[in-house]
There are 2 protein chains.
Amino acid sequence: MSVLDKSNKEKLILEVAQKRFGQYGVEKISMQEIADDLKLSKASLYYYFPDKESLYKAVVEKEQHEFITSITERILSIKEPDKLLREYVNTRLSYFRTLLNLSRLRLEAYSDLKPVFRETMIQFKAKEKEIIVKIFKDGVSKGIFFINDPVMTASLFLDLLKGLRISVVNDKKTLFIDDEEYSKLLYNTVAFTDIFIKGMSIK
Amino acid sequence: MSVLDKSNKEKLILEVAQKRFGQYGVEKISMQEIADDLKLSKASLYYYFPDKESLYKAVVEKEQHEFITSITERILSIKEPDKLLREYVNTRLSYFRTLLNLSRLRLEAYSDLKPVFRETMIQFKAKEKEIIVKIFKDGVSKGIFFINDPVMTASLFLDLLKGLRISVVNDKKTLFIDDEEYSKLLYNTVAFTDIFIKGMSIK
DNA sequence: ATCCTGACTATTTTGTTTAAATAGTCAGCT
DNA sequence: AGCTGACTATTTAAACAAAATAGTCAGGAT
């Protein structure tokens with residue numbers, strides 16, 4: 001079942017769960033609490049979602065979908081590849097923050113990720129990479145970027161962004177990022193993107 | 001007491017500990033085992049080092065010292081800043097691998113680091129930064145690099161390198177990096193350095 | 001005085017049991 | 001089809017015991 005063809009009730013449940021998970025993280029919210037929020041019994045909640053994992057997965061996929069939709073929209077309105085890339089890293093960072101709140105445990109680590117999530121994550125990474133590859137290739141064809149291997153370079157770019165994100169989280173015990181840390185991360189990310197763009201640009 | 005003015009016995013102990021910690025990590029090697037290696041009683045080992053932490057700290061500082069010495073040597077023989085930077089990332093990466101073996105737990109994370117280590121780590125980061133700043137400033141004065149804020153850019157560069165390293169480790173349960181992963185990390189690091197250098201170079 | 005040791009104690013880690021919390025099921029009602 | 005109370009199954013947390021290892025010390029050897 002796709003994100004698009006859900007019943008109203010399911011959508012409502014997803015919204016409530018999204019809000020709750022976003023506030024305290026999956027492992028701190030019980031199914032009972034979500035049911036209470038919906039003024040529903042827990043058993044009824046299980047009528048819609050077979051288990052907690054699938055509910056969480058649906059919320060994560062909803063977030064992913066919202067991010068991809070949002071960024072795809074912008075792609076249509078922005079013409080310059082470099083501007084586009086800057087826009088991308090911005091949006092991506094706020095999405096990162098959302099995901100962080102959603103789980104409150106090292107979300108970007110494959111290691112202790114259940115197979116179900118591994119798959120959705122791989123899919124997301126593929127979409128993400130596709131977007132960046134498109135931007136890079138566009139830049140090349142417009143004569144702005146000089147890139148030998150756009151696919152490899154896209155991977156590298158995404159790895160570096162991820163690295164910056166992880167660096168911040170890795171240094172902390174409590175998996176939460178405050179405004180100050182966020183703006184510092186944003187600053188670093190922007191500075192990095194500038195240099196990277198310059199590094200790819202025709203001299 | 002500096003790394004330089006230790007008794008022969010202390011040096012020997014450090015070598016043995018360095019080897020042992022390097023093989024299995026600190027937490028998997030007992031003081032008894034190190035003492036056995038040295039054909040010494042555990043109590044004697046404690047005669048030289050007041051506790052395990054200080055022994056471990058001494059080993060880490062030895063490694064740091066070896067790295068800094070090694071890289072400083074190269075700085076003297078290499079003239080071109082870009083070549084120097086490439087040399088740096090190479091050496092730094094092999095040092096990373098050593099440290100990884102030494103602890104086998106997220107060493108680069110400040111969070112659960114005892115104050116003693118936090119200090120030596122801060123010192124090391126400062127030295128590291130100093131080296132990069134020097135390389136950058138040299139590049140600027142030689143008219144090769146164009147950098148507005150060399151200090152900030154050095155921080156960013158080091159953060160990005162760290163990010164790439166952490167990305168690899170973060171995805172794993174077992175904190176060990178094999179040859180294949182290492183060469184992939186090296187490849188990414190080199191590719192990144194190339195783009196970064198280009199991004200800093202005068203057009 | 002320097003270096004070393006066996007025999008000790010203190011602390012940390014690991015394993016085990018039990019209790020509590022929460023996930024998940026189901027027969028049956030509306 | 002959608003919902004529920006009352007149930008069971010699993011997971012997590014707390015408490016305790018046992019094992020491993022860190023760390024101490026009085027005193028012996030050189």
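We name chains A, B, ... by the order of the sequence lines, and we start the count at 1 in each one.
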Check your understanding: Any side-chain N or O of A/Tyr46 under 4.0 Å from OP1/OP2 of D/dT4?
Key -> no

Point to revise | Side chain proximity check, B/Asn148 to B/Phe146, heavy atoms < 4.5 angstrom | key: yes

Practice item. Fit a plane to each ring of A/Phe196 and A/Phe136, take the angle between them on a 0 to 90° scale, and name the class: parallel (under 30°), tilted (30 to 60°) or perpendicular (over 60°). Key: parallel

**Study point:** Presence of B/Tyr47 side-chain N/O under 4.0 Å of C/dC4 phosphate oxygens OP1/OP2
**Key:** no

Point to revise | Flag if over 12 foreign heavy atoms under 6.0 Å of CD, B/Glu66 | key: yes

Review point. If you find the nucleotide of DNA chain C closest to A/Ala43 and the one closest to A/Val26, which residue's nucleotide is nearer the 5' end?
Key: A/Val26

Exercise for review: Please state how far atom CG in A/Asn8 lies from atom C1' in D/dA1, giving the value in whole angstrom units.
Suggested key: 15 Å

Practice item. Please evaluate the base of C/dG24 for a donor-acceptor partner in the side chain of A/Lys52 within a cut-off of under 3.5 Å? Key: no

Point to revise | More than 12 heavy atoms of other groups within 6.0 Å of B/Lys142 NZ | key: yes

Point to revise | Nucleotide C/dA21, atom P - distance to NZ of A/Lys28 in whole Å | key: 13 Å

**Study point:** Distance-minimising heavy-atom pair for A/Phe49 and A/Ile13
**Key:** CE1-CG2, 3.7 Å

Study note, to complete from the structure: Whole-Å distance, A/Leu40 CG to D/dA1 P, equals 17 Å

Point to revise | Residue pair B/Phe67 / B/Ser94, side-chain heavy-atom distance below 4.5 Å | key: no

Check your understanding: Which residue, A/Glu33 or A/Pro50, contacts DNA chain C at a nucleotide closer to its 5' end, judged by nearest heavy atom?
Key -> A/Glu33

Exercise for review: Counting heavy atoms from C-beta on, name the nucleotide in D/dG2, C/dG24, C/dC4 closest to the side chain of A/Asp51.
Suggested key: C/dG24

Study note, to complete from the structure: Between CG of A/Leu45 and P of C/dA23 the distance, given in whole Å, is 10 Å

Practice item. Quantify the bending of the helix from C/dA1-D/dT30 to C/dT30-D/dA1 as the angle between its end axes, each fitted on five pairs, to 10°. Key: 40°

Review point. Counting only side-chain N and O atoms of B/Ser41, is one of them less than 4.0 Å from OP1 or OP2 of C/dT5?
Key: yes

Review point. How is B/Lys9 classified with respect to the nucleic acid when contacts are heavy atoms under 4.0 Å: base, sugar-phosphate, or nothing?
Key: sugar-phosphate

**Study point:** B/Ser44 side-chain N/O to C/dT5 phosphate OP1/OP2 under 4.0 Å
**Key:** yes

**Study point:** Interatomic distance, A/Glu27 CD vs D/dT10 C1' [rounded to whole Å]
**Key:** 17 Å

Practice item. State whether a side-chain donor-acceptor pair under 3.5 Å links A/Ser41 with A/Ser44. Key: yes

Practice item. Quick one: label A/Ser30 by what it contacts on the DNA or RNA (base, sugar-phosphate, nothing), any heavy atom closer than 4.0 Å. Key: sugar-phosphate

Check your understanding: Expressed in angstrom and rounded to an integer, what is the separation of A/Glu53 atom CD from D/dT10 atom P?
Key -> 16 Å

Exercise for review: Check the side chains of A/Asp51 and A/Ser54 for a donor-acceptor pair under 3.5 angstrom, ignoring hydrogens and angles.
Suggested key: yes

Revision key, fill the gap. Separation of D/dA1 atom P from A/Glu10 atom CD, nearest Å, is 14 Å

Practice item. Nearest whole angstrom, please: distance from the P of C/dT9 to the NZ of B/Lys42. Key: 14 Å

Exercise for review: Look at all strands and tell whether A/Ile29 reaches a base, only sugar-phosphate, or nothing, counting heavy atoms closer than 4.0 Å.
Suggested key: sugar-phosphate

